[in-house]
Amino acid sequence: MSENRDHTVYFHLPGLFEFYDLYSAFLPLFYEHREYFYPECEIGSVYGAPGDCIWGGGRVGFGDADPRQVLRLMNRYGISSRLTFSNSLLTQEHLADRKCNALCAMFEESGPDVNGVIVHSDLLADLLRKKYPGLYLVSSTTKVLTDFDDFLHETEQEQFRYVVPDFRLNRALDRLAGMPGPLKDKTEFLCNECCSFTCTDRKRCYENVSRKSLGEDCPDHICTAPGAGRGYRFSEAMKNPGFIGIDDIYNTYLPMGFTNFKIEGRGLGSALILEFLLYYLTKPEYHIKVREEIYLDSMLDLF
């Protein structure tokens with residue numbers, strides 16, 4: 001028997017600063033032509049960070065959109081904005097960074113619990129709770145929570161509104177089904193990870209990104225997983241054992257009581273992000289319609 005209390009699927013989308021132009025074209029379509037899109041789906045948030053934020057993590061940032069414009073766009077449609085400040089190597093001295101603090105203050109202005117911050121560092125989480133209590137916190141997938149008990153403990157922490165487990169827990173269906181309803185509400189699955197299911201370097205990869213965000217001169221992390229040299233391919237991600245497809249969401253996870261799903265892709269291009277928006281949010285018969293509307297927008301450079 002389904003225990004789902006909310007039949008809405010909330011997608012958390014990548015590229016708040018990185019793909020501002022794409023969302024400027026896509027969001028009017030999504031909200032003005034709801035007949036193109038699955039009626040059960042909503043945009044829960046858009047996440048990202050400017051390219052030069054030392055608190056940044058997860059992916060090497062390149063977003064250059066003006067924060068005020070970003071906030072105006074998201075506020076126009078009532079979408080939660082999330083700052084991806086998931087650097088895992090922050091020290092006390094980094095917490096005084098003016099730009100990151102100014103962004104937090106700006107995003108808090110939208111009102112309490114409207115916008116959030118994705119965090120890894122306990123130091124940063126403590127600072128945010130004290131200095132910017134109006135921002136909600138999301139526990140980052142960069143913590144690589146692959147042990148189910150560790151993940152469960154994380155969801156029990158009151159400071160986090162959402163927790164993103166490692167994608168390798170996506171198929172722990174028996175244990176997921178047994179979670180209490182309030183903890184299911186806090187669980188946000190990473191759907192489209194392309195990283196090898198057997199990767200043992202995931203933490204080191206994220207730490208490398210954290211070092212680069214801090215301005216350290218360090219070599220790139222070289223992934224040795226099979227196929228890593230080919231880069232991200234959605235067709236390959238779909239073969240990943242941890243992949244959560246659109247049918248999985250509606251036929252497996254939603255009936256179990258899970259409603260939050262994260263789409264990765266901040267380090268990719270706009271054309272590929274559009275494919276994610278088509279696959280997860282758009283009815284198949286309207287894919288070509290939405291794609292044409294976006295591609296014909298003269299302000300966009302999707303490649």
Side-chain angles (χ1 to χ4, degrees), residues 12-27 45-75 79-91 93-110 115-121 124 127-128 132 135 138 140-142 164 190 194-195 204-223 231-232 262-274 276-277 299-303:
H12 303 275
L13 305 177
L16 182 63
F17 298 88
E18 298 87 343
F19 303 118
Y20 170 80
D21 289 339
L22 173 61
Y23 288 118
S24 295
F26 178 79
L27 293 179
S45 72
V46 183
Y47 65 93
D52 55 351
C53 288
I54 67 170
W55 292 357
R59 294 290 180 267
V60 176
F62 62 88
D64 59 1
D66 179 83
R68 294 284 181 190
Q69 289 184 323
V70 166
L71 275 176
R72 279 197 294 270
L73 177 64
M74 296 300 148
N75 289 343
I79 298 173
S80 178
S81 300
R82 292 182 181 176
L83 295 165
T84 306
F85 285 166
S86 54
N87 194 305
S88 62
L89 302 177
L90 298 177
T91 64
E93 64 179 297
H94 296 133
L95 300 185
D97 182 79
R98 288 187 177 182
K99 177 166 186 174
C100 294
N101 276 281
L103 282 168
C104 289
M106 183 188 304
F107 276 57
E108 193 182 37
E109 289 175 4
S110 296
N115 299 322
V117 184
I118 303 172
V119 296
H120 182 130
S121 165
L124 181 57
L127 172 77
L128 295 172
Y132 307 104
L135 297 172
V138 182
S140 174
T141 192
T142 62
V164 187
L190 181 59
C194 196
C195 184
R204 283 190 286 272
C205 179
Y206 285 136
E207 285 178 359
N208 182 262
V209 173
S210 292
R211 294 186 190 282
K212 290 182 180 296
S213 294
L214 292 174
E216 294 186 18
D217 184 11
C218 58
D220 292 338
H221 173 77
I222 305 299
C223 181
Y232 186 97
K262 180 175 183 175
I263 310 302
E264 79 161 24
R266 284 198 302 135
L268 306 176
S270 295
L272 193 47
I273 301 303
L274 175 58
F276 299 156
L277 298 176
M299 298 297 291
L300 281 174
D301 179 5
L302 289 179
F303 301 97

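The chain is numbered in sequence order, starting from 1. These figures come from a predicted structure and were not determined experimentally.
Summarising the geometry, atom CE belonging to Met106 is positioned 7.0 Å from atom CG belonging to Leu71; distances are rounded to the nearest 0.5 Å. The structure places OG of Ser81 at 6.5 Å from CG of Asn75, a figure rounded to the nearest 0.5 Å. How far CZ of Phe26 is from OG of Ser270: 13.0 Å, rounded to the nearest 0.5 Å. Expressed to the nearest 0.5 Å, how far NZ of Lys262 lies from OG1 of Thr141 amounts to 6.5 Å. Rounded to the nearest 0.5 angstrom, Leu83 CG and Glu108 CD are separated by 11.0 Å. The distance from atom CG of Leu89 to atom NE2 of His94, rounded to the nearest 0.5 Å, is 9.0 Å.
Contact record, Ile273 with Pro14: CD1-CG, 3.9 Å, taken as the closest heavy-atom pair. Smallest separation of non-hydrogen atoms from Arg266 and Gly15: CG-N, 3.7 Å.
Between Phe19 and Phe276, the ring center distance fails the sub-6.0 Å criterion.
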Exercise for review: Give the C-alpha distance, both sets of side-chain angles, the deciding distance and a yes or no for side-chain contact (heavy atoms from CB on, under 4.5 Å) between Ile54 and Lys99.
Suggested key: CA-CA 9 Å; Ile54 67 170; Lys99 177 166 186 174; over 6 Å; no
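For the pair Asn101/Leu127, a side-chain contact is recorded, criterion being any heavy-atom separation below 4.5 Å from C-beta on. A 4.5 Å side-chain heavy-atom check between Val164 and Ile118 finds every atom pair outside the cut-off. Side-chain atoms of Cys104 and Leu135, non-hydrogen and from C-beta on, do get closer than 4.5 Å to each other. Taking 4.5 Å as the limit, every side-chain heavy atom of Ile79 sits out of range of all side-chain heavy atoms of Tyr23. Leu103 has its side chain within reach of Cys53: a pair of non-hydrogen atoms, C-beta onward, lies under 4.5 Å apart. Counting only heavy atoms from C-beta outward, the side chains of His120 and Trp55 never approach each other to under 4.5 Å. Side-chain atoms of Glu18 and Leu268, non-hydrogen and from C-beta on, never get closer than 4.5 Å to each other.
Counting only distance, with no hydrogens or angles, the side chain of Asn87 and the backbone of Gly56 share a donor-acceptor pair below 3.5 Å.
Aromatic ring orientation, Phe107 versus Phe17: tilted (interplanar angle from 30° to 60°).
Not counting sequence neighbours, the partners of Arg68 by the salt bridge (Lys or Arg N to Asp or Glu O under 4.0 Å) test are Glu109. Residues passing the side-chain contact (heavy atoms from CB on, under 4.5 Å) test with Ser121, sequence neighbours excluded: Leu90, Leu123, Leu124. Tyr132 pairs by the ring pair (Phe, Tyr, Trp, His ring centres under 6.0 Å) definition with nothing, not counting sequence neighbours.
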